[in-house]
Amino acid sequence: QVQLVEYGGGSVQSGGSLTLSCVASGVVYNVNCMGWFRQDPGKEREGIAAVSGLGGGTDYAASVKGRFTVSRDDAQQTLFLQLNNLKPEDTAMYYCARSRRVTCSDSWSSGVDFDSWGQGTQVTVSS
């Protein structure tokens, strides 16, 4: 069973940066599509970034495009999310997830393709 653990959340001021990481265990070599999602209480979960396996591409939600960068180091079984130019509206719990697919689907942001989820790491941005 794949387990995912996120690291790197914290509190920053508007305009600041953070780097989130997600370490996978229970899998010999992770080649599946991986995604980052976030959710603030009272709001719907939002898929914000995804990266396909085996050198595939990345995709971003419009709300984070140009500010966030997703990457992966499969040798280290680690997924990263670089968050730059953070805004108060980025405040949320951030989750990583692993898809059942190698290539992220066009509907990845719905989350339905993902069957392994981490516990989340909190990001709080103050104005």
Side-chain angles (χ1 to χ4, degrees):
Q1 183 175 355
V2 178
Q3 294 184 327
L4 303 173
V5 180
E6 300 94 340
Y7 301 92
S11 297
V12 297
Q13 290 191 328
S14 183
S17 298
L18 284 173
T19 302
L20 307 184
S21 59
C22 167
V23 180
S25 61
V27 58
V28 175
Y29 193 72
N30 182 28
V31 298
N32 288 30
C33 164
M34 297 292 293
W36 286 99
F37 297 79
R38 66 185 182 186
Q39 188 167 22
D40 208 19
K43 297 183 181 178
E44 290 189 1
R45 183 181 65 196
E46 179 186 16
I48 56 173
V51 54
S52 292
L54 299 177
T58 57
D59 195 23
Y60 298 91
S63 58
V64 306
K65 198 167 187 177
R67 300 187 299 123
F68 292 7
T69 304
V70 62
S71 61
R72 61 192 295 164
D73 182 344
D74 289 334
Q76 298 296 324
Q77 303 280 47
T78 303
L79 177 73
F80 299 97
L81 186 67
Q82 177 65 41
L83 296 75
N84 294 328
N85 190 22
L86 282 160
K87 305 175 181 180
E89 51 264 42
D90 294 318
T91 294
M93 186 73 78
Y94 283 67
Y95 301 90
C96 67
R98 180 176 181 262
S99 172
R100 290 182 290 269
R101 304 164 57 103
V102 172
T103 300
C104 301
S105 71
D106 290 342
S107 60
W108 67 267
S109 62
S110 71
V112 296
D113 292 340
F114 295 80
D115 58 2
S116 297
W117 294 80
Q119 294 299 305
T121 185
Q122 178 69 34
V123 172
T124 302
V125 185
S126 58
S127 58

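Index from 1, following the sequence.
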### Message
For residues Leu20 and Leu86: do they belong to one hydrophobic cluster (side chain heavy atoms under 4.5 Å, members Ile, Leu, Val, Met, Phe, Trp, Tyr)?
### Response
yes
### Query
If Ile, Leu, Val, Met, Phe, Trp and Tyr residues are connected whenever their side-chain heavy atoms lie under 4.5 Å apart, and connections chain through other members, are Val125 and Leu83 in the same group?
yes
### Query
Roughly how far, to the nearest 0.5 Å, is OG1 of Thr91 from NZ of Lys43?
8.5 Å
### Query
Which heavy atom of Ser110 sits nearest a heavy atom of Arg45, and at what distance?
O-NH2, 3.0 Å
#### Entry: Polar side chain donor-acceptor pair, Gln13 to Ser126, under 3.5 angstrom
no
### Task
Classify the angle between the aromatic ring planes of Trp108 and Phe37 as parallel (below 30°), tilted (30 to 60°) or perpendicular (above 60°).
perpendicular
### Query
If you count the non-hydrogen atoms of other residues, nucleotides and ligands that lie under 6.0 Å from CD in Gln119, is the total more than 12?
no
### Task
Can you measure from OG1 (Thr103) to CG (Leu54) and round to the nearest 0.5 angstrom?
7.5 Å
### Message
Test: disulfide (SG to SG under 2.5 Å). Region: residues 83-127. Which pairs qualify, not counting sequence neighbours?
### Response
Cys22-Cys96, Cys33-Cys104
### Task
Indicate if Leu4 and Val27 have the same hydrophobic cluster label, given that clusters are the connected sets of ILVMFWY residues with side-chain heavy-atom separations under 4.5 angstrom.
yes
#### Entry: Heavy-atom pair with the smallest gap, counting every atom of Tyr94 and Asp90
OH-O, 2.6 Å
### Message
Is there a continuous path of hydrophobic side-chain contacts, each under 4.5 Å between heavy atoms, that joins Val123 to Val64?
### Response
yes
### Message
Testing the basics here: between Asp113 and Ser107, what is the closest heavy-atom pair and its distance to 0.1 Å?
### Response
OD2-OG, 4.3 Å
### Task
Group every Ile, Leu, Val, Met, Phe, Trp and Tyr by side-chain heavy-atom contacts under 4.5 Å, then state whether Met93 and Phe114 land in the same group.
yes
### Task
Dump the intermediate steps for side-chain contact (heavy atoms from CB on, under 4.5 Å) on Arg38 and Ser63, then the final yes or no.
CA-CA 12 Å; Arg38 66 185 182 186; Ser63 58; 3.6 Å; yes
### Query
Do you know the tightest heavy-atom contact between Arg67 and Asn85?
NH1-O, 3.0 Å
#### Entry: side-chain contact (heavy atoms from CB on, under 4.5 Å) between Val70 and Met34, worked out
CA-CA 9 Å; Val70 62; Met34 297 292 293; over 6 Å; no
### Message
Could you check whether any side-chain N or O of Gln82 sits under 3.5 Å from a backbone N or O of Thr19, counting only pairs where one atom can act as donor and the other as acceptor?
### Response
no
### Phe68 and Trp36 aromatic centres sub-6.0 Å
no
#### Entry: More than 12 heavy atoms of other groups within 6.0 Å of Gln3 CD
no
### Query
Would the number of heavy atoms belonging to other residues, nucleotides or ligands and lying under 6.0 Å from CG of Asp73 be above 12?
yes
### Task
Kindly say whether Val112 contributes a backbone atom to a donor-acceptor pair with the side chain of Arg100 at under 3.5 angstrom?
yes
### Task
Give a yes or no answer on whether the side chain of Arg72 reaches the backbone of Val51 with a donor-acceptor pair at less than 3.5 Å.
yes
### Query
Within the side chain of Asn32, is there an N or O that forms a donor-acceptor pair under 3.5 Å with the backbone of Ser99?
yes
#### Entry: Smallest separation among heavy atoms of Gly111 and Trp117, with atom names
O-CZ2, 3.8 Å
### Message
side-chain contact (heavy atoms from CB on, under 4.5 Å) for Leu79 and Asn30? Distances and angles first, verdict last.
### Response
CA-CA 10 Å; Leu79 177 73; Asn30 182 28; over 6 Å; no
